[in-house]
Structure formats: structure tokens, C-alpha cells
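All values below come from the heavy atoms of this structure, side chains included, with hydrogens, waters and symmetry mates left out. Note that this is a predicted model, so its numbers are computed, not measured. Protein chains get the first letters and strands the later ones, always in sequence-line order, with residue 1 at the start of each.
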Number of protein chains: 2
Amino acid sequence: MPRLTEDWLRQVLRTFYQQRTLTRTDLLNATGLNPASASHAIRHLMDRGVVVKTGEVESNGGRARDVLDLNNEAGYFVAVDLEGASIRFALTNLVGDIRFRIEKNLEPNQPIDVGVVVDAVHSLLNQLSDLQRRRVLACGVSHPGMCDELGRITAVNLGWSAVPLLEGLRSALGFPVYLENAHRTCIFAERWLGSARGSSNSIYVIVGNGIGIGAFVDGKILEGHAGLAGEIGHITIDPHASDLCLCGRRGCLEAVASCASIARQYFSQAFQDSGPRAAHRVTEVFERARQGDALATSVVDRAASYLGIGLAHLVLLLNPEIIVLGGEILAGADLMLGRIRSEMERHTLPAFLPGLEIRASSLGLDIGLKGASALAFRESLGAPGFLQSLAGNSGMPRPRVRQGSARSKQGVVAAK
Amino acid sequence: MPRLTEDWLRQVLRTFYQQRTLTRTDLLNATGLNPASASHAIRHLMDRGVVVKTGEVESNGGRARDVLDLNNEAGYFVAVDLEGASIRFALTNLVGDIRFRIEKNLEPNQPIDVGVVVDAVHSLLNQLSDLQRRRVLACGVSHPGMCDELGRITAVNLGWSAVPLLEGLRSALGFPVYLENAHRTCIFAERWLGSARGSSNSIYVIVGNGIGIGAFVDGKILEGHAGLAGEIGHITIDPHASDLCLCGRRGCLEAVASCASIARQYFSQAFQDSGPRAAHRVTEVFERARQGDALATSVVDRAASYLGIGLAHLVLLLNPEIIVLGGEILAGADLMLGRIRSEMERHTLPAFLPGLEIRASSLGLDIGLKGASALAFRESLGAPGFLQSLAGNSGMPRPRVRQGSARSKQGVVAAK
């Protein structure tokens with residue numbers, strides 16, 4: 001019997017995470033492990049209740065093969081989504097299913113208060129029974145803006161400057177905390193739990209107040225030298241466009257095609273209203289376009305056309321298999337998707353099109369939470385000690401973490 | 001003593017390849033290997049003459065530390081560069097120094113003849129002594145166009161269609177053959193042997209008849225779903241430009257800023273000459289611009305400005321540390337580089353600029369050969385059997401490495 005290595009366990013867990021239900025043969029094919037190593041790892045995970053046998057299938061030779069499932073409830077993650085008008089907190093199981101959630105409104109244009117975040121995570125944890133709390137493995141946070149090496153968040157357009165989130169959460173919680181920009185957590189969610197599942201070359205494009213992407217390129221998250229790669233919102237999509245961008249330049253994709261810019265273009269032309277509230281009324285513009293308003297239609301078409309060119313840039317430079325569109329733009333999907341797609345095709349070489357899919361995100365508003373959970377799984381898997389704490393949970397005497405209410409056993413599961 | 005693993009040998013060799021001269025401490029820092037594993041690997045390579053001791057330095061404690069060098073002549077590669085008006089063949093040492101070369105003219109617009117390539121490799125090999133031929137490890141080929149999974153090359157604008165190059169070379173030569181597109185071999189050359197040495201985020205941009213890139217992103221060569229990523233030449237750099245591209249669309253970067261397009265724009269406007277020969281006269285346009293010709297200046301400035309926007313797209317999407325410019329455009333570097341750089345900066349967010357370098361390639365015309373050699377090293381290192389054939393070479397009877405005179409009459413050393 002070979003010595004069990006952490007690496008085998010990681011490979012097996014990652015495969016179960018993505019595929020959920022497998023036979024040993026499926027697992028061998030997916031991981032490339034040799035049968036002895038794979039069996040050893042599976043046995044280890046089964047002994048600890050992380051993988052369970054749930055059935056049998058006939059194999060070719062007639063001998064029955066075990067059907068194995070990941071025990072999705074073998075561990076939990078705290079997921080925090082700081083992107084958007086309110087902060088959202090959830091407890092998810094291993095594979096990102098939301099078991100329980102809390103929502104808090106944010107004060108507009110106020111720096112986020114770390115204490116509020118910590119309190120909310122504590123109230124979430126207090127909903128759990130002892131048994132469940134022992135299974136909380138890590139916390140994932142999906143945040144706007146940028147994170148420095150000390151885990152401080154800066155989001156200029158939200159008025160956040162070096163908010164010490166990592167330090168605050170780490171010192172208050174008894175488990176690891178991971179932070180990641182929301183564009184990236186969204187592609188984690190799409191790749192592991194959504195439309196881009198299993199694809200090594202997939203891009204999530206969010207079109208909301210701004211335009212951003214998270215991308216998997218050749219199986220790795222796109223980062224770049226300083227972690228800034230993927231800044232599609234500020235490429236000069238049209239050197240002749242006069243639209244002024246928040247960054248101070250003209251002709252950025254964001255300046256001509258974000259939801260905020262669609263709304264601003266329409267209301268400033270239709271009603272000379274370029275006030276700050278106009279930027280939030282893109283759904284009205286979509287509604288007017290549906291009713292045949294010519295100006296609304298032309299503003300929406302222009303944005304769709306530029307978005308198509310922007311996607312074509314991504315296609316030509318990154319050669320993805322799947323592009324998932326998300327964000328408020330989906331409220332106008334009926335008006336825009338066809339045009340976006342045809343413009344993308346018109347500005348791309350034909351060799352890039354076979355097999356290329358453009359989809360609207362199906363994860364809805366939960367994408368940030370699911371992304372934060374996927375982040376926590378991904379980072380945990382590589383962290384020392386994680387396999388012990390995951391696989392050790394069900395065998396050890398109760399550790400009695402943080403004595404909250406011995407809260408109902410069902411609260412967690414029932415709230416899905 | 002731990003068991004020697006191939007992986008340690010690979011890490012040690014890769015580090016020597018990049019840094020050439022190292023102490024054990026340098027090596028430990030660079031590889032992260034533990035001292036016992038590293039010593040074991042070094043000993044193995046020294047026993048076989050692949051790594052040699054070349055000096056000593058005082059360490060802090062006063063104990064002398066060995067200075068170790070890669071024996072650059074421990075192995076040779078055949079390098080073939082099929083990009084350009086002639087085919088170029090070279091024998092290089094382990095680290096890409098050219099020891100011997102042959103050049104053959106290509107028939108314009110004729111499919112390349114595999115027999116001619118095989119013959120040329122054979123005449124190259126025939127220049128070698130028996131001793132040297134035993135050390136030829138692999139052949140690397142830098143080719144234009146695309147390569148299918150059977151190793152057949154298609155380059156539409158050269159009239160090559162599914163040329164069975166891999167099969168032809170493999171069956172004629174007794175060692176492994178590796179093929180790669182020229183844009184990628186060029187970034188291999190720049191990353192391992194040229195200006196981008198050691199950088200994990202570097203892009204080689206070639207501006208010649210077309211415009212293409214090879215890119216390292218987060219330490220890996222950029223490939224994409226179908227291996228097509230990096231097609232900067234055909235992004236729509238200006239949706240309003242009327243310049244027609246060879247691909248049939250308008251406003252592609254290549255249509256407004258390649259050397260062929262610069263020449264075409266100038267000669268068609270100045271002399272109504274848009275014949276096929278005009279495309280090859282870009283150096284004349286540069287010369288006229290230097291002499292103050294207003295039309296030449298404006299054509300060159302327009303191209304530089306679009307190239308700057310194109311580089312800005314690369315900067316924003318891939319966040320590189322280094323961009324190396326190569327190709328015929330360098331003949332006009334004095335006229336264009338400043339403008340390219342300032343336009344790039346104007347169309348990029350400031351956060352991307354600190355530390356970003358834009359350099360002209362310093363590898364000159366040999367870049368394709370050096371890239372083919374770097375390709376051969378890179379692929380060989382991962383191939384089963386390579387470490388045996390490299391480290392086994394000098395264990396055979398009487399190699400007498402370093403005896404210069406025995407080699408120089410063969411021209412191997414003299415031809416550098």
C-alpha cells in the first residue's frame with residue numbers, strides 16, 4: 001500500500017467537488033492517479049464520512065461498481081459578499097449550497113465598518129448547533145475594489161480606504177479567512193458551481209455600474225504582474241468616442257457601455273438630467289426601449305454594439321470556451337444579447353467561434369456568496385491543516401467551539 | 001540520503017539554464033529544494049559533467065562555497081526557424097548559443113518541402129564529430145501559421161497547407177522533434193535568453209507583415225481554449241477606420257499598423273502604388289519620414305498611435321511586467337518608440353504603469369533560432385528519457401569535454 005499523500009486527497013476532493021457523484025473508474029480518469037493511490041485516498045475520505053457510498057452500477061464485466069458521492073455537509077463555509085447595495089452573509093455547505101443567510105444594508109458612501117461585518121458573522125454562527133459549528137472550515141469574502149497585501153480593502157468609488165478587513169475577521173474568528181475581488185469570486189462561482197463548470201478557459205463579464213471580468217485562462221485564474229489583469233472596463237474601445245469616463249479619459253468601454261453610462265446617456269439626452277440619481281435608472285431605459293422609444297433604443301443598441309466589440313477583444317486575446325455575462329445588464333438581456341453576440345462575431349476571426357458559448361449567468365444574486373464559498377474551498381484545499389480539519393471532524397470528540405445558543409439542529413438545513 | 005527524483009533534477013537544471021552560475025545557497029533559494037535533495041541532484045549532474053565547479057567564494061562564516069556553472073556544451077539542440085524569407089538552421093548548445101548555422105532560401109509562395117528541411121538538418125549534423133553528435137538531444141522548430149495535432153503546418157498567407165513536418169523530421173532524425181508557432185518561440189527566447197529573462201508576465205509583440213504576440217501570463221505561456229489566444233493583430237482597434245485588412249474586415253490593428261500596412265498606406269497615397277511589392281518597402285517610408293516627408297511622417301505617426309492603443313489593451317488585460325517589441329518595425333524604432341510609449345500610457349490606467357517596461361528586442365534576427373532552441377530545452381526537460389540522455393552522455397567512454405582544439409576544426413565553436 002503506497003503512503004497516502006495530501007496531494008492525492010486534494011485531487012480526489014477537487015474532483016468530487018466538481019462532479020459530486022463518481023465511480024472509482026470516473027475518478028481515475030479524471031485525476032490520472034493510479035488505482036492504488038486513488039483507493040487509498042477514497043478509503044481515507046470514506047472512513048471520515050467525507051465521501052459516502054450511495055449506490056452501485058453494473059460494469060462491463062458484470063461486477064458491480066460503487067457509486068460514490070461527496071458528503072456535501074461534511075463541512076461548512078462562511079461566505080460574505082460585500083459587493084452591492086447591501087452586505088450579504090451566508091453559511092454554505094462544502095459545495096456552495098446556501099444553508100442560512102443574513103443581509104445588512106450599507107450606508108451609502110460610508111466606509112464599511114469591520115465591526116458590523118464581524119458581528120454579522122457571529123450572529124450567523126450563533127444560529128448553528130455545536131455539531132455544525134465544528135464543521136465550519138473557513139470564511140470567504142467577495143469584495144469590491146482592491147485588497148493590499150495586509151488584507152485591507154480600498155474601493156475608491158465606495159469611499160473605502162484601506163479598511164482592515166482581514167485583520168478584523170481573523171482576530172475575531174477561529175478559522176481561516178480568505179479575501180478576493182468580486183470579479184474573481186464570480187468566475188470561481190461560475191467555473192465550479194455555475195455555467196462555466198469544468199471549463200479551463202472561461203470568462204465572467206460583469207456589466208453593472210462598471211464593467212469588469214474574472215477569467216480562467218488555461219486552467220488558472222488570470223492575475224498579471226501586479227494582480228490587475230482583466231481591466232476590460234478601461235480599454236479604449238473607440239478612440240473617437242467623446243464619452244467621458246469616471247477615470248478621466250474618453251472612449252473607455254465602461255464610459256460607453258456600462259449600465260450607469262446607458263442610463264446617463266439616455267436621461268441627459270432625453271431630459272437634460274445628468275444628476276447622480278440618473279445613473280441608477282437603467283431598467284427604466286430598458287423599459288422605454290421595449291415600448292419603442294427611439295432614443296432609448298439607439299442608446300441601448302450603441303452600448304450593445306460596443307459590448308460586442310469588447311467581447312471580441314476578449315475572444316481574440318484570451319480564446320475562451322465560455323463567456324458568462326452577469327450584472328444589472330441582464331435586466332436588458334432581451335434587448336441586448338442578440339446584438340452583443342452578432343457584433344462580437346463580426347469583430348472576431350471565424351477560427352475563434354466554433355464551440356464558443358456566450359451565456360447569461362444563471363446564479364443570479366447569489367453569485368457573490370457562491371463565489372465567496374468557492375473561494376474558501378479553493379484556498380482551504382491548498383492550506384496546511386485543512387485536510388486534517390475536514391477529515392478529522394466526524395471522528396473527533398466534540399471540541400465545543402464558541403458557546404452560542406445550542407440552537408436548533410434544523411435551523412441550518414431548513415433555511416436553504 | 002533521499003532518493004533522487006527526476007523532479008529535483010529538472011528544477012536544478014531549469015535554474016542553471018536561467019542563471020548559469022550559482023552557489024548551492026543560490027540554488028536552494030531559487031528552487032526551494034531542501035539541502036539534501038539539492039546536493040543529491042547537483043552531485044548527480046556533476047558526476048556526469050553537466051554541472052561543473054568553476055571557483056569558490058568566501059561565505060559569511062568564512063567557509064568557502066563552491067561556485068557552480070552549467071556546462072553549456074553538455075548537450076546540443078538542432079534549431080530550425082521557418083519564419084521569414086529564408087529558412088534558418090542552427091546547432092545550438094544547451095543554452096541557445098549558436099555554434100553552427102545554415103540558411104536556405106524559400107521559394108516565394110511555394111509550400112515548404114519537408115525533404116529540403118530534412119536534408120538541411122542532415123547537412124548540419126554532418127558537420128559534427130561523432131562525439132558532438134552523441135550530444136544532440138532534440139530538435140526545435142519555430143514555424144509560422146498553425147500546427148495541427150499531427151504536427152502539420154498550415155500558413156495560409158504563405159500557401160502552406162497541412163505540411164507534414166513533424167512526421168518527416170521524426171522519421172528522419174534519431175531524436176525528439178518539437179514544433180511551436182514563432183510568436184511563442186520568440187517569447188521563449190526573450191524570457192529565457194533575452195530581455196524578459198526571468199519574468200513571469202512578459203509579452204513579445206512582433207510587428208512585421210502582420211502583428212502577433214507570444215505571452216507569458218502568470219508564469220505560463222498563454223494558450224487559450226483552442227491554442228489561439230493572443231490574436232492582437234485582428235482586434236478592432238478603431239471601429240471607424242476604413243483600412244481593409246487581409247482578413248476581410250476593417251479597422252484591425254494589423255490593417256492600420258503593421259509594416260506592410262504602413263508601406264501600403266504611404267505608397268498608395270503618394271504614388272497610387274498599391275501593388276504587392278509596395279508592402280515590402282516599409283524601410284523606405286521610415287527613411288522618407290526621417291527626411292521630413294510630411295505624408296510619411298503622418299502615416300508612421302498614425303501607426304505608432306494605434307500600436308500604442310494596442311499595447312494599452314495588452315497592458316490592461318494582461319498586466320505584464322515587460323513588453324518586448326520585435327520585428328521589422330524596429331527599423332523605425334527611432335521614429336516610433338516614443339510615440340508608441342506615450343500613446344500606450346495615455347490609454348492605460350496609472351496603476352498599471354509603475355515598473356512596466358517596454359523594450360526593443362535585443363536578440364535580433366537570431367530570435368527565431370534561439371526560440372527554437374529554448375523550445376527544445378523546455379520540452380525536453382519534461383520528456384521521459386531526457387535526463388538520462390543528457391546525464392548519460394558523458395558517462396560513456398572518453399568524452400574529454402572542454403578540449404577546445406578537438407572541436408574547433410569542426411567549426412562548432414568557431415562559427416559562433
Side-chain angles (χ1 to χ4, degrees), chain A residues 146 199-203 213 215-241 245 247-253 305-306 308-310 312-322 343 346-356, chain B residues 146 156 199-202 213 215-241 245 247-253 305-306 308-310 312-322 343 346-356:
Chain A
M146 300 208 264
S199 169
S200 293
N201 285 280
S202 45
I203 307 178
I213 68 167
F216 267 90
V217 175
D218 303 327
K220 280 179 65 179
I221 191 86
L222 178 66
E223 308 238 28
H225 178 55
L228 301 172
E231 189 47 272
I232 187 87
H234 295 281
I235 64 166
T236 301
I237 200 72
D238 182 349
H240 305 287
C245 187
C247 76
R249 297 179 302 118
R250 291 180 192 275
C252 295
L253 181 59
S305 163
Y306 281 126
I309 301 179
H313 282 50
L314 293 176
V315 167
L316 287 164
L317 287 176
L318 301 179
N319 185 203
E321 183 181 16
I322 298 172
E343 286 292 313
R346 206 159 74 79
H347 291 274
T348 313
L349 295 179
F352 289 74
L353 295 175
L356 172 63
Chain B
M146 300 207 265
V156 178
S199 168
S200 293
N201 285 280
S202 46
I213 68 167
F216 267 89
V217 176
D218 303 327
K220 281 179 63 180
I221 190 88
L222 177 67
E223 308 239 29
H225 178 56
L228 302 171
E231 188 49 272
I232 186 86
H234 295 281
I235 64 167
T236 301
I237 200 73
D238 182 348
H240 306 287
C245 187
C247 77
R249 298 179 301 119
R250 289 180 193 278
C252 295
L253 181 59
S305 164
Y306 281 127
I309 300 179
H313 282 47
L314 293 176
V315 168
L316 288 164
L317 287 176
L318 301 179
N319 185 204
E321 183 181 15
I322 298 172
E343 286 292 313
R346 206 160 75 78
H347 291 274
T348 313
L349 295 180
F352 288 74
L353 295 176
L356 172 63

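Looking at A:Ala241, neither its backbone nor its side chain comes within 4.5 Å of chain B, counting heavy atoms on both sides. Residue B:Ala312: no heavy atom, backbone or side chain, is found under 4.5 Å from chain A. Of the two parts of B:Leu356, neither the backbone nor the side chain holds a non-hydrogen atom closer than 4.5 Å to a non-hydrogen atom of chain A. Within the 4.5 angstrom heavy-atom criterion, only backbone atoms of A:Thr348 (N, CA, C, O) approach chain B.
Contact between A:Leu314 and B:Leu317 at its shortest, heavy atoms only, is CD2-CD2, 3.9 Å. Residues A:Asn319 and B:Ala226 approach most closely at OD1-N, 2.8 Å, considering heavy atoms.
With sequence neighbours excluded, the residues satisfying side chain to side chain donor-acceptor pair (under 3.5 Å) with B:Thr236 are A:His347.
Looking only at side-chain heavy atoms (C-beta outward), B:His225 and A:Ile322 stay at 4.5 Å or farther from each other.
Taking A:His240, A:Arg249, A:His234 one by one and counting their heavy-atom pairs under 4.5 Å with chain B, the maximum is reached by A:Arg249. Chain B forms more heavy-atom pairs under 4.5 Å with one residue of A:Ala215, A:Pro320, A:Ala229 than with any other, namely A:Ala229. When each of A:Ile235, A:Asn201, A:Asp218 is scored by its heavy-atom pairs under 4.5 Å with chain B, the top score falls to A:Asp218. Comparing A:Asp238, A:Leu222, A:Leu318, A:Ile232 by heavy-atom pairs within less than 4.5 Å of chain B, the highest count is held by A:Asp238. The candidate from B:Arg250, B:Glu231, B:Arg346 with the greatest count of non-hydrogen atom pairs under 4.5 Å with chain A is B:Glu231.
Atom NZ of residue B:Lys220 and atom NZ of residue A:Lys220 lie 6.5 Å apart, to the nearest 0.5 angstrom.
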